[in-house]
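Residue numbers start at 1 and run along the sequence shown. What you see below is based on every heavy atom in this structure, not just the backbone, and it leaves out hydrogens, waters and symmetry mates.
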Amino acid sequence: DVTPPTLEKGTVSREKGTEATVTFTSNEAGSYYYTVVESGASEGTDVNTDENGTACVSGENTISLSGLSGAGEKDIYIVAKDTAGNTSDPLKMTIPGCYTVTVETNGGGSASAEPSIAVEGEEVTLAAEGNHFKEWQVTSGAVTITENKFTMPASDVTVKAVFAAHSYDQQIASDDYLVSAATCIQ
(Lines give C-alpha, C1' and ligand atoms only; values in the text may rest on other atoms or scores of the structure.)
Protein backbone atom coordinates (compact mmCIF):
# COMPACT_ATOMS: atom_id res chain seq x y z
CA ASP A 1 0.00 0.00 0.00
CA VAL A 2 1.49 3.31 -1.09
CA THR A 3 -1.71 5.35 -1.08
CA PRO A 4 -2.02 7.85 1.79
CA PRO A 5 -5.29 8.28 3.67
CA THR A 6 -7.70 10.97 2.52
CA LEU A 7 -9.34 13.21 5.14
CA GLU A 8 -12.58 15.18 4.85
CA LYS A 9 -13.88 17.94 7.10
CA GLY A 10 -16.69 17.21 9.51
CA THR A 11 -18.04 19.55 12.18
CA VAL A 12 -16.44 21.90 14.69
CA SER A 13 -18.08 23.23 17.82
CA ARG A 14 -16.65 25.16 20.73
CA GLU A 15 -18.13 24.77 24.17
CA LYS A 16 -17.31 27.35 26.79
CA GLY A 17 -13.94 28.99 26.37
CA THR A 18 -11.62 26.05 26.76
CA GLU A 19 -13.32 23.07 25.10
CA ALA A 20 -14.08 22.11 21.49
CA THR A 21 -15.19 19.06 19.53
CA VAL A 22 -13.90 18.38 16.01
CA THR A 23 -15.04 15.60 13.67
CA PHE A 24 -13.39 14.44 10.46
CA THR A 25 -13.63 11.43 8.15
CA SER A 26 -10.77 9.21 7.05
CA ASN A 27 -10.98 6.66 4.24
CA GLU A 28 -8.44 4.40 6.01
CA ALA A 29 -7.81 3.16 9.53
CA GLY A 30 -4.55 3.86 11.35
CA SER A 31 -3.62 6.73 13.66
CA TYR A 32 -4.32 10.45 13.63
CA TYR A 33 -2.23 13.34 14.92
CA TYR A 34 -3.06 17.01 15.32
CA THR A 35 -1.84 20.40 16.44
CA VAL A 36 -3.87 23.48 17.44
CA VAL A 37 -2.59 27.02 16.77
CA GLU A 38 -3.97 30.55 16.76
CA SER A 39 -6.01 31.12 13.61
CA GLY A 40 -3.87 32.40 10.75
CA ALA A 41 -0.58 31.42 12.39
CA SER A 42 2.17 30.45 9.98
CA GLU A 43 4.38 28.75 12.58
CA GLY A 44 3.56 25.62 14.56
CA THR A 45 1.33 24.17 11.84
CA ASP A 46 3.52 21.11 11.17
CA VAL A 47 1.98 17.98 12.66
CA ASN A 48 4.45 15.56 14.29
CA THR A 49 3.65 11.96 13.28
CA ASP A 50 6.77 10.43 14.88
CA GLU A 51 5.10 9.63 18.23
CA ASN A 52 2.19 7.32 18.92
CA GLY A 53 -1.03 8.78 17.59
CA THR A 54 -4.66 8.26 18.46
CA ALA A 55 -6.53 5.35 16.85
CA CYS A 56 -8.20 6.43 13.62
CA VAL A 57 -11.08 4.49 12.11
CA SER A 58 -12.14 4.32 8.50
CA GLY A 59 -15.11 6.66 8.80
CA GLU A 60 -15.93 9.46 11.24
CA ASN A 61 -13.45 10.31 14.00
CA THR A 62 -14.01 12.71 16.91
CA ILE A 63 -11.39 14.83 18.67
CA SER A 64 -12.39 16.30 22.06
CA LEU A 65 -10.19 19.25 22.92
CA SER A 66 -9.79 20.82 26.35
CA GLY A 67 -7.45 23.43 27.76
CA LEU A 68 -7.79 25.83 24.82
CA SER A 69 -6.39 29.21 25.80
CA GLY A 70 -7.34 32.62 24.46
CA ALA A 71 -10.70 33.65 23.15
CA GLY A 72 -10.00 34.00 19.43
CA GLU A 73 -10.37 31.51 16.64
CA LYS A 74 -8.00 28.53 16.48
CA ASP A 75 -6.88 26.36 13.58
CA ILE A 76 -6.50 22.61 14.00
CA TYR A 77 -4.28 20.68 11.59
CA ILE A 78 -4.99 16.94 11.41
CA VAL A 79 -2.87 14.25 9.73
CA ALA A 80 -3.69 10.54 9.50
CA LYS A 81 -1.15 7.73 9.07
CA ASP A 82 -2.34 4.37 7.77
CA THR A 83 -0.97 1.00 8.94
CA ALA A 84 1.55 1.01 6.07
CA GLY A 85 3.01 4.33 7.29
CA ASN A 86 1.54 6.56 4.55
CA THR A 87 0.54 10.02 5.82
CA SER A 88 -2.33 12.15 4.58
CA ASP A 89 -2.11 15.77 3.57
CA PRO A 90 -2.86 18.03 6.55
CA LEU A 91 -6.54 18.84 7.01
CA LYS A 92 -7.06 22.37 8.35
CA MET A 93 -10.25 23.26 10.21
CA THR A 94 -11.11 26.46 12.09
CA ILE A 95 -12.38 26.36 15.67
CA PRO A 96 -14.68 29.34 16.34
CA GLY A 97 -13.66 32.09 18.73
CA CYS A 98 -15.18 32.38 22.15
CA TYR A 99 -16.01 35.79 23.58
CA THR A 100 -16.92 37.25 26.95
CA VAL A 101 -20.12 39.02 28.00
CA THR A 102 -19.53 41.54 30.80
CA VAL A 103 -22.60 42.79 32.66
CA GLU A 104 -22.50 46.00 34.69
CA THR A 105 -25.16 47.86 36.66
CA ASN A 106 -25.70 51.43 37.76
CA GLY A 107 -26.72 50.18 41.22
CA GLY A 108 -30.21 49.39 42.39
CA GLY A 109 -30.11 45.74 41.44
CA SER A 110 -28.12 42.87 40.00
CA ALA A 111 -27.75 41.55 36.47
CA SER A 112 -26.26 38.56 34.65
CA ALA A 113 -25.77 36.95 31.24
CA GLU A 114 -26.23 33.30 30.33
CA PRO A 115 -23.91 32.16 28.93
CA SER A 116 -21.23 34.64 30.01
CA ILE A 117 -18.76 33.15 27.51
CA ALA A 118 -20.21 32.49 24.04
CA VAL A 119 -19.24 31.71 20.48
CA GLU A 120 -20.20 33.90 17.55
CA GLY A 121 -23.86 33.37 16.64
CA GLU A 122 -24.87 31.97 20.04
CA GLU A 123 -27.93 33.47 21.74
CA VAL A 124 -27.21 35.23 25.05
CA THR A 125 -29.99 35.82 27.58
CA LEU A 126 -29.76 38.72 30.03
CA ALA A 127 -31.45 38.88 33.43
CA ALA A 128 -31.89 41.86 35.75
CA GLU A 129 -33.29 41.82 39.26
CA GLY A 130 -33.95 44.76 41.48
CA ASN A 131 -36.24 47.70 41.92
CA HIS A 132 -37.33 49.52 38.80
CA PHE A 133 -35.26 47.94 36.04
CA LYS A 134 -35.42 50.49 33.24
CA GLU A 135 -33.34 49.28 30.27
CA TRP A 136 -30.24 47.62 28.89
CA GLN A 137 -27.47 49.80 27.47
CA VAL A 138 -24.76 48.39 25.19
CA THR A 139 -21.41 49.77 26.38
CA SER A 140 -19.27 47.90 23.85
CA GLY A 141 -19.95 45.44 21.06
CA ALA A 142 -22.24 45.63 18.06
CA VAL A 143 -25.42 44.03 19.44
CA THR A 144 -29.10 44.83 19.57
CA ILE A 145 -30.93 43.62 22.66
CA THR A 146 -34.48 42.43 22.06
CA GLU A 147 -36.59 40.90 24.84
CA ASN A 148 -33.47 40.53 27.04
CA LYS A 149 -31.56 38.57 24.34
CA PHE A 150 -28.91 39.20 21.73
CA THR A 151 -26.81 37.21 19.27
CA MET A 152 -23.10 37.05 20.15
CA PRO A 153 -20.82 38.80 17.65
CA ALA A 154 -17.18 37.90 17.00
CA SER A 155 -16.03 40.18 19.82
CA ASP A 156 -16.45 40.76 23.54
CA VAL A 157 -19.63 42.55 24.62
CA THR A 158 -20.31 44.79 27.63
CA VAL A 159 -23.88 45.67 28.61
CA LYS A 160 -25.23 47.71 31.48
CA ALA A 161 -28.46 47.17 33.39
CA VAL A 162 -29.94 50.56 34.18
CA PHE A 163 -32.22 50.84 37.18
CA ALA A 164 -34.37 53.93 37.74
CA ALA A 165 -33.94 55.87 40.95
CA HIS A 166 -36.71 55.66 43.52
CA SER A 167 -38.98 58.64 43.96
CA TYR A 168 -41.14 58.98 47.03
CA ASP A 169 -44.30 60.95 47.71
CA GLN A 170 -43.33 61.92 51.20
CA GLN A 171 -43.22 65.22 52.92
CA ILE A 172 -40.48 65.85 55.40
CA ALA A 173 -41.55 68.24 58.16
CA SER A 174 -38.16 68.25 59.81
CA ASP A 175 -35.14 66.06 60.26
CA ASP A 176 -36.95 64.32 63.12
CA TYR A 177 -40.10 62.96 61.49
CA LEU A 178 -42.09 62.53 58.25
CA VAL A 179 -45.47 64.11 57.65
CA SER A 180 -46.67 61.03 55.72
CA ALA A 181 -45.45 57.52 55.05
CA ALA A 182 -43.12 57.13 52.09
CA THR A 183 -44.63 55.47 49.03
CA CYS A 184 -42.48 54.61 46.04
CA ILE A 185 -44.03 56.20 42.93
CA GLN A 186 -41.38 55.34 40.30
Side-chain angles (χ1 to χ4, degrees), residues 9-24 34-42 44 60-78 92-186:
K9 292 180 179 182
T11 60
V12 179
S13 63
R14 188 160 181 182
E15 300 85 30
K16 304 180 184 171
T18 60
E19 300 171 6
T21 303
V22 178
T23 64
F24 69 95
Y34 65 89
T35 188
V36 178
V37 297
E38 294 297 322
S39 185
S42 58
E60 186 175 271
N61 294 270
T62 301
I63 302 172
S64 296
L65 301 170
S66 61
L68 295 174
S69 62
E73 289 184 340
K74 312 287 183 210
D75 290 333
I76 183 170
Y77 290 85
I78 306 166
K92 175 186 172 188
M93 298 174 71
T94 300
I95 300 167
C98 210
Y99 305 97
T100 302
V101 180
T102 302
V103 180
E104 303 170 337
T105 71
N106 69 335
S110 62
S112 62
E114 183 59 39
S116 60
I117 298 175
V119 296
E120 179 182 7
E122 187 172 359
E123 183 178 80
V124 176
T125 301
L126 303 171
E129 292 183 16
N131 293 322
H132 308 297
F133 172 72
K134 182 178 175 186
E135 65 183 359
W136 292 104
Q137 292 178 348
V138 178
T139 306
S140 69
V143 298
T144 301
I145 300 169
T146 305
E147 296 181 7
N148 297 323
K149 296 179 182 182
F150 67 88
T151 301
M152 193 69 184
S155 65
D156 291 340
V157 172
T158 302
V159 296
K160 185 176 195 176
V162 177
F163 295 88
H166 286 282
S167 295
Y168 296 96
D169 67 346
Q170 64 184 354
Q171 296 177 355
I172 300 174
S174 73
D175 291 338
D176 297 330
Y177 66 93
L178 298 175
V179 171
S180 63
T183 304
C184 183
I185 59 172
Q186 188 81 328

For Phe24, the option from Ile63, Thr62, Thr11 that meets side chain to side chain contact (heavy atoms under 4.5 Å, CB included):
Ile63
Can you list every salt bridge (charged side-chain N to carboxylate O under 4.0 Å, His left out) pair that touches residues 132-142, not counting sequence neighbours?
none
Validation row: Phe163, Asn106 side chains within 4.5 angstrom (heavy atoms):
yes
Using a 4.5 Å cut-off on heavy atoms from C-beta on, say whether the side chain of Asn61 contacts that of Ile78.
no
Could you tell me if the side chain of Val101 sits less than 4.5 Å from the side chain of Pro115, heavy atoms only?
no
Indicate the atoms forming the closest heavy-atom contact of Met93 with Gly10, along with that distance.
CE-N, 3.6 Å
Heavy-atom closest pair (Asp75 atom, Gly40 atom, distance to 0.1 Å) is OD2-N, 2.9 Å
Residues in ring-ring contact (aromatic ring centres under 6.0 Å, His included) contact with Tyr99, at least two apart in sequence or another chain
none
For Ser112, enumerate each residue passing the side-chain contact (heavy atoms from CB on, under 4.5 Å) test, keeping only those at least two apart in sequence or located in another chain.
Ala127
Would a 4.5 Å heavy-atom cut-off, applied to side chains only, mark Val138 and Ile145 as touching?
yes
Could you work out, with ring-ring contact (aromatic ring centres under 6.0 Å, His included) as the rule, every residue matching Tyr77, not counting sequence neighbours?
none
Pick out which of Thr144, Val157, Thr125 makes a side chain to side chain contact (heavy atoms under 4.5 Å, CB included) with Phe150.
Val157
Kindly compute the distance separating CG (Leu68) from CD1 (Ile76), expressed to the nearest 0.5 Å.
9.0 Å
Listed by chain and number, what are the side-chain contact (heavy atoms from CB on, under 4.5 Å) partners of Glu19, not counting sequence neighbours?
Glu15, Ser66
Tell me, with the steps shown, if Val103 and Trp136 meet side chain to side chain contact (heavy atoms under 4.5 Å, CB included).
CA-CA 10 Å; Val103 180; Trp136 292 104; 4.1 Å; yes
In short, Thr94 meets Ser39 closest at the heavy-atom pair CG2-OG, 4.4 Å
Contacts of Val119 that satisfy side-chain contact (heavy atoms from CB on, under 4.5 Å) - sequence neighbours left out:
Arg14, Cys98, Glu122
Would you compute the distance between atom OG1 of Thr21 and atom CD1 of Ile95 and round it to the nearest 0.5 angstrom?
9.5 Å
